Amino acid sequence: MPPLPEFLLRRLFVKDSLTTETNGFSFQLINSIAPATMLWFSMEVDGKTVLPQNLVLQMGVEEARSGSQISAENPFSLPVAKKITVRVLETDLGSGDLHINIHTREIGSLSFNVKPPQAPSQPRKTAPNQLPSRFQKPIKTDVVIHYDDVIGEIDPNVYGQFIEHLEDCIYGGIWTPDGSALREDTLQWIKDLKSPLIRYPGGNFASGYHWEDGIGPKSTRPLRFDEAWKASESNQVGTDEFMELCQQTGAAPFLVVNCGNGTAEEAARWVAYCNEPASTEQGSRRAENGHPEPYQVKLWGIGNEAWGAWQIGHTDAEHYTRKLRSFAEAMRNVDPTIQLVAVGQAVLSDKPDDAGRLWNETVLSGAGDLIDFLSFHLYQPEREGWQDEYEQNILHHTICAAPLDTERIIVRIKEQIKLLQPERKIGIALDEWNVWLPAPEDAASMHKVAYTLRDSLYTAGMLNVFQRQCDSLKIANLAQLVNVLPLIVTNEKSVYATPLYYPFLLYKEMQNIALQCIVRGKFYDSQALGNITAMQDVPYVDVTATRSADGSKVVLSILNRHPTSRTYVNIDLKEFPKMKLCEGWLLCKDDALAVNSFDNPDNVKSKQIGLPEKRGTRFRLDLPPLSVSILSLRKM
Ligand code: AHR
């Protein structure tokens, strides 16, 4: 795993927690990264090392321990979102930096500096002053759509979601904190989304998860909201509960088996538990748990990010391919009709030795005969693109251009599949994706990103790419549905949707056949950031067109990425003479950084709009900056 950036590590330090005491000083730490085990803790103040016996660490009301009592044999656990008080005895705070060193079992050494507060902090940079949009010249965009120029059929699974046993996604998010029931309020938001596919139980979590721990009788002791972790430790939510979520929302299940510290036999038993009739050994276990009818789970992922140093059981491509073969054979012996998703990797460049390209080559050549999908994950701009501050106008253009970089990655993988498995129809599964920038400073973890309207333009841009690449991209799962990099946010009492939710809601209107569109408009060049490459000629206005199989309905998506200019879009429908505009929806706001919150849940939200009259075969739309519009046409 690459070293974590220092600014992220500094967030372990609880802001304003530094307190001078009679015999030294104290401060607090909070781990918002991932659960870890501390094997060593040391500190320097003003360049001088503090004696280990003068460092006292305490989590909540647990027993306090000195630095000299923390070691590999006697580790100190660092769960997520739990405050740890550090008392530094017999030491003056001094005026220089505090240097903190923590050695962990999971992510190695973490070292960072904290400045004792002296001057008031600097205000954050904002976008340079720009003219209000009403004074800017609108962008002119011309669109021609050809009725018979079909790109392909869009698989509904590209609008899928992902949920994981991570923080409060499951307990307190989708289920009640004790895991005894689905939360009715969250469920309603998920149902409205009509998600076609949900991936579960991870993610990284899948690589250490033994599914048999999550079935059978469950504890009936109700838990308070702040005790949800107890339910997670006792596996209250498992396969049967997940299947209930799928049944209630109409989503198809996509299960990921443990290829980290699990075995092929364990994975095969899971297939049997889900898909065999009640008369069999595993089927009868399911029936005893109240579910006599097989679940018929079609889609199975074999492992998660097996190439990543942070993954339990991570390995090289050759070893993963051998494991993949043995898992695939054992699982298909139980049910030959299942479809398998292999772990692949994003091909980030055209270089022949690109790490993702090499991984995929090995998997495709060694197990391409057995798999149905090759997956990759993409978080943009990923951690190497994280900074303390951003110039917002540049960031806006980069994030809005990032889907086009994704499109290049999809095309590279498609070419690899064509070259190495020309006879097989192996689809691409982007089974974790999202924009991932640092969470606000006071957030409980790095997964609590405050998604903005800009990020919903990114999301719509991604969905447009999925439609254009529908001949190869067959599955995509936004990571994640609730509370972790969230589409939906919950607390004890209520639920709101982030701006990422609305493109998904709007794209439900889109039809299955993707059509070619020719778009002429204004372009921009964007800068590189983290894993997003610099791009030239990014269109400000991005259009996709879809139609129903029977041809009676055409639905367009029009995205205006421009931060301040409106766009006049001229659409020529000469090949659709009998069609009439019938409905339209708009997602927009005059602030790219607008967010939703518990206090203002509807700040960014889509709405229905009135439509212009068609003039001959054309119509002209006047669309605001920072907007996503969906327009539907029907045969008159
Ligand atoms: O979505 C959060 C985590 O990011 C997932 O568990 C993992 O697969 C990815 O690295």
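By convention here, the first residue in the shown sequence is residue 1. Please read these numbers as outputs of a predicted model, since none were measured by experiment. Just follow the structure's listing: the first ligand is 1, and inside any ligand the first atom is 1.
For the salt bridge (Lys or Arg N to Asp or Glu O under 4.0 Å) condition, the pairs that include at least one residue of residues 184-198, sequence neighbours left out, are R183-D185. Among pairs with a residue in residues 238-262, those fulfilling salt bridge (Lys or Arg N to Asp or Glu O under 4.0 Å) read K218-E241, at least two apart in sequence or across chains.
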K351/D354 under salt bridge (Lys or Arg N to Asp or Glu O under 4.0 Å): CA gap, chis, key distance, verdict: CA-CA 5 Å; K351 291 189 200 135; D354 179 282; over 6 Å; no
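Every residue meeting the side chain to side chain donor-acceptor pair (under 3.5 Å) condition with H210, not counting sequence neighbours, appears here in chain and number order: N261, E266.
H165 and Y200 are linked by a side-chain donor-acceptor pair at a separation below 3.5 angstrom, with hydrogens and angles left out of the test.
In this structure, K508 and Y159 have side chains that are not in contact, with every pair of non-hydrogen atoms separated by 4.5 Å or more.
Closer than 4.0 angstrom to ligand 1 sit non-hydrogen atoms from F162, E164, G203, N204, N304, E305, Y379, E432, Q480.
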